[in-house]
**Q** 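Can you keep this structure in mind? I'll have questions shortly.
When a ligand or atom number is given, it counts from 1 through the structure's own listing order.
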Amino acid sequence: MPHLFEPAPTGRAKCRGCGRPIRLGELRFGECIPNPFAEGETTLWFHPTCAAFKRPEPLLAALELAPEQLESASDRESLRFTAGRSLAHRRLPRIDGAERAPSSQAKCRHCRQPIARGTWRIRLVYFEEGRFSPGGCVHLACRKAYFEADDVWARVLHFSQDLSVADQEALAGAFEA
Ligand SMILES: [Zn+2]
Ligand SMILES: [Zn+2]
């Protein structure tokens with residue numbers, strides 16, 4: 001089966017990209033992959049924006065095949081642009097949000113120095129065999145050097161929706177500092 005877009009027939013499925021539910025009737029993106037555990041194929045469901053951030057190749061392929069299913073041309077252009085950035089900078093799809101380090105145990109994947117407890121770090125994930133696996137963290141200050149891109153903020157915020165409003169504001173301040 002090709003990748004596809006369709007309105008979600010229930011509100012029960014969770015997005016593989018952000019872990020949040022996809023609402024009933026909301027447009028969802030399905031990435032069709034060989035089933036890693038059995039014969040046949042399986043479909044991974046995403047919010048289209050989450051797929052543009054984390055799974056750019058299949059999303060772009062689906063945009064080519066079924067663009068008329070998207071509500072408006074602006075949606076399509078914005079998804080295409082975001083996915084294009086994800087493809088152009090191969091580390092950007094690894095962004096999985098930000099958090100304050102719960103301990104000083106982890107080392108930054110860029111500079112190899114410890115990330116101090118209580119300071120902000122960006123979580124990384126890798127997509128392998130049909131699932132996202134945790135891949136460590138980087139210092140907020142190492143983001144430009146690691147991701148080799150300037151447009152990191154929107155992605156980090158998108159995958160940090162579990163933070164309180166106050167924490168999101170603190171994170172925004174840390175980005176500007
Ligand atoms: Zn999502
Ligand atoms: Zn670092």
**Q** Under a plain distance cut-off of 3.5 Å, with no hydrogens placed, do R155 and S86 share a side-chain donor-acceptor pair?
**A**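 Present: a donor and an acceptor within the cut-off.
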
**Q** What does the angle at the Zn ion (ligand 2) come to, between atom SG of C142 and atom SG of C111, rounded to 10°?
**A**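 Between SG of C142 and SG of C111, the angle at the Zn ion (ligand 2) is about 110°.
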
**Q** Could you please tell me which protein N, O or S atoms lie under 2.8 Å from the Zn ion (ligand 1)?
**A**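 Sorted hits: C15 SG, C18 SG, H47 ND1, C50 SG.
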
**Q** Look at the aromatic rings of F5 and F29 and report parallel, tilted or perpendicular, splitting at 30° and 60°.
**A**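 Correct class here is tilted.
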
**Q** Within 2.8 Å of the Zn ion (ligand 2), is there any N, O or S atom belonging to H139?
**A**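 Of the N, O and S atoms in H139, at least one lies under 2.8 Å from the Zn ion (ligand 2), which means yes.
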
**Q** Pairing donors with acceptors under 3.5 angstrom, does anything connect the side chains of Y146 and R94?
**A**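 R94 and Y146 do have a side-chain donor-acceptor pair below 3.5 Å.
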
**Q** Per the side chain to side chain contact (heavy atoms under 4.5 Å, CB included) rule, which among R28, R16, R23, E26 passes with H47?
**A**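 It is E26; the other options fail the test.
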
**Q** Using 4.0 Å as the upper bound for N to carboxylate O, is an ion pair formed by R80 and E64?
**A**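 Looking at E64 and R80, the cut-off is met.
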
**Q** Quick one: pull up CD in E169 and CG in L171 and give me the separation to the nearest 0.5 Å.
**A**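 With rounding to 0.5 Å, CD (E169) is 11.0 Å from CG (L171).
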
**Q** Determine whether F147 and H89 satisfy the following criterion, ring pair (Phe, Tyr, Trp, His ring centres under 6.0 Å), listing intermediate values before the conclusion.
**A** CA-CA 7 Å; F147 295 109; H89 296 273; 9.9 Å; no

